[in-house]
Number of protein chains: 2
Amino acid sequence: MDEETDGILQNRPAARDVDATDRKILGVLVDDATISYAELGDRVGLSPPAVHERVKRLRRSGAIRNTAAIIDPKAVRKPLLAFVHIDTKGWGKTPELMAISEHPEVEEIHSVAGDTCMLIKVRTEDTRALEGLLSRLYETPGVTSTRSYVVLSTYLERPVQPGITTEWPTPRHMAKPLY
Amino acid sequence: MDEETDGILQNRPAARDVDATDRKILGVLVDDATISYAELGDRVGLSPPAVHERVKRLRRSGAIRNTAAIIDPKAVRKPLLAFVHIDTKGWGKTPELMAISEHPEVEEIHSVAGDTCMLIKVRTEDTRALEGLLSRLYETPGVTSTRSYVVLSTYLERPVQPGITTEWPTPRHMAKPLY
DNA sequence: GATAATCGCCGTATTAAATTCTGTATCAAT
DNA sequence: ATTGATACAGAATTTAATACGGCGATTATC
């Protein structure tokens with residue numbers, strides 16, 4: 001296992017290469033991870049123990065980070081989605097970053113190239129709760145300004161759909177990834 | 001079932017209210033949906049058939065949209081994440097919207113309040129692929145301008161964590177949700 | 001070019017979990 | 001007070017997950 005820590009999120013590289021069959025498996029499991037290994041085997045053309053072995057390998061390697069229930073935000077009274085740009089000065093490694101990730105309303109934290117430094121995705125109960133969160137964020141030392149984009153309506157929300165798309169270039173034809 | 005279509009994403013309301021036990025269940029399943037009903041029952045203080053019944057109800061009501069494998073984008077050679085603001089004129093219901101959602105690189109489409117109209121999240125293999133996607137988006141009739149925010153580093157990426165937070169206000173104390 | 005080793009897969013067997021069924025207690029409404 | 005509905009627990013059954021042994025193909029090594 002790789003000990004490199006890329007921010008808070010662990011980004012260990014996949015041990016072995018993900019081949020075409022693996023991508024088919026991932027494509028199915030992204031849609032529905034509750035199916036049996038028998039049916040998964042049918043869909044990708046393998047026996048139940050064989051797919052089981054591959055899924056276990058995909059889990060170990062980190063290609064499958066985890067299998068989670070996807071919750072409807074409205075059902076848990078978090079209907080308000082917003083993106084917030086945060087300008088910072090002297091953006092260091094982790095101190096304020098940890099403080100931001102402590103807030104349970106924060107779902108994503110990205111460092112972006114452009115006219116602002118950080119882009120975070122937050123989900124709250126209503127505008128009042130959003131206001132409270134923003135003021136708490138503003139109190140974080142190093143934060144110089146925030147700009148919020150309140151989502152009025154969401155038309156699409158889906159995870160990464162691997163393999164479904166097309167064939168992928170083999171690794172040797174690929175440019176070095178950005179990160 | 002409710003027939004109201006809120007964009008492409010179906011947003012049917014939960015049939016029954018999600019109570020404290022349900023939120024505990026959701027909190028566990030968001031972390032790990034592979035555990036047995038026996039252990040899930042232990043954690044929330046119910047028998048295996050009882051939690052099973054509740055989980056089935058949460059699925060039926062739509063509180064659990066689905067249970068999916070969360071994929072590491074790097075493992076499937078989609079390391080480049082970007083957010084794109086799209087300005088449009090005469091933003092209608094679905095024609096261009098459908099065209100945008102056809103692109104498999106697009107993971108989310110949101111309508112936002114602010115100085116731009118749409119905010120989409122895209123994931124590509126590299127900057128060249130991003131450029132291609134942007135030019136294809138630009139060819140969509142109605143799109144007047146785009147502004148991209150390329151993500152340099154992601155520090156946090158997690159789904160909605162229901163119930164873990166605190167107690168929620170009961171429905172009758174709640175303001176009307178924004179959407 | 002032959003041999004050994006490794007890897008991935010299948011079929012079977014075993015274990016564990018999902019699911020069904022039945023009965024019971026609790027709460028709500030009549 | 002009675003009836004109905006709901007939610008839960010326990011036992012039984014069905015189904016799936018997991019472990020094991022063996023086979024064939026590919027790869028490395030001599």
Side-chain angles (χ1 to χ4, degrees), chain A residues 1 12-71 75-76 162-163 167-168 170-172, chain B residues 1 12-71 75-76 162-163 167-168 170-172:
Chain A
M1 190 193 296
R12 49 184 177 179
R16 215 167 302 281
D17 227 42
V18 173
D19 66 5
T21 305
D22 288 329
R23 288 195 292 271
K24 271 198 271 187
I25 292 172
L26 294 178
V28 173
L29 292 184
V30 161
D31 260 1
D32 183 7
T34 66
I35 65 172
S36 66
Y37 288 113
E39 183 169 347
L40 180 58
D42 271 349
R43 297 220 197 148
V44 304
L46 284 179
S47 72
V51 272
H52 183 225
E53 193 58 43
R54 290 185 93 111
V55 170
K56 274 196 293 185
R57 202 183 65 205
L58 289 168
R59 283 191 215 278
R60 275 200 312 270
S61 71
I64 297 178
R65 282 179 176 158
N66 68 340
T67 107
I70 308 298
I71 310 298
V76 293
E167 279 308 309
W168 308 73
T170 55
R172 59 184 173 278
Chain B
M1 189 193 296
R12 49 183 177 181
R16 214 166 303 279
D17 227 41
V18 173
D19 67 6
T21 305
D22 288 329
R23 287 195 293 272
K24 271 198 273 186
I25 291 172
L26 295 178
V28 174
L29 292 184
V30 161
D31 261 359
D32 183 7
T34 66
I35 66 172
S36 67
Y37 287 114
E39 184 171 346
L40 181 57
D42 271 349
R43 297 219 197 147
V44 304
L46 285 178
S47 70
V51 272
H52 183 225
E53 194 58 44
R54 290 185 95 111
V55 170
K56 274 196 294 185
R57 202 183 62 204
L58 288 168
R59 284 191 214 278
R60 275 199 313 270
S61 71
I64 297 178
R65 281 180 176 157
N66 68 337
T67 108
I70 309 298
I71 310 299
V76 293
E167 280 308 309
W168 307 75
T170 55
R172 60 183 172 280

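Hydrogens, waters and symmetry mates are skipped; everything else that's a heavy atom, side chains included, is used. No experiment lies behind these values; they were computed from the predicted model shown. Just so it is clear: chains get the letters A, B, ... in the order the sequence lines come, proteins before strands, and each one is counted from 1.
Atoms CZ (A/R54) and C1' (C/dC10) sit 14 Å apart, rounded to a whole Å. When rounded to the nearest whole Å, the span between CZ of A/R59 and P of D/dA17 equals 11 Å. The distance between atom CG of B/L40 and atom P of C/dA17, rounded to the nearest whole Å, is 13 Å. When the P atom of D/dA7 is taken as reference, atom CG of B/D22 falls 10 Å away, rounded to whole Å. Rounded to whole Å, the distance from CD1 on B/I25 to P on D/dA7 is 12 Å. Counting to the nearest Å, the C1' atom of C/dA18 and the CD1 atom of A/I35 are 16 Å from each other. If you measure from atom CD of B/E53 to atom P of D/dA9, you get 12 Å, rounded to the nearest angstrom. Atom CG of B/D42 is separated from atom P of C/dA17 by 11 Å (rounded to the nearest Å).
Of the possible donor and acceptor atoms, none in the side chain of A/N66 sits under 3.5 Å from a partner among the backbone N and O of B/I70. In this structure, the side chain of A/R23 engages the main chain of A/V18 through a donor-acceptor pair within 3.5 Å. At least one donor-acceptor pair under 3.5 Å links the side chain of B/D32 to the backbone N or O of B/T34.
With respect to the salt-bridge test (charged N to carboxylate O, under 4.0 angstrom), the residues B/R57 and B/E53 do not qualify.
For D/dT6, neither phosphate oxygen OP1 nor OP2 lies less than 4.0 angstrom from any side-chain nitrogen or oxygen of B/R57.
Within the 4.5 Å cutoff, side-chain heavy atoms of A/I71 are placed close to those of B/V30.
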Using the 3.5 Å cut-off, write out each protein N or O paired with an N or O of nucleotides 18-25 of chain D and the distance between them.
from: D/dT18; atom 1: OP2; to: A/H52; atom 2: NE2; distance (Å): 2.7

Discussion item. For A/V51 and A/K24: C-alpha separation, side-chain torsions, deciding distance, then whether side-chain contact (heavy atoms from CB on, under 4.5 Å) applies.
Written reply: CA-CA 11 Å; A/V51 272; A/K24 271 198 271 187; over 6 Å; no

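Closest contact between the side chain of B/S36 and the listed nucleotides D/dA7, D/dA9, C/dA17 involves C/dA17.
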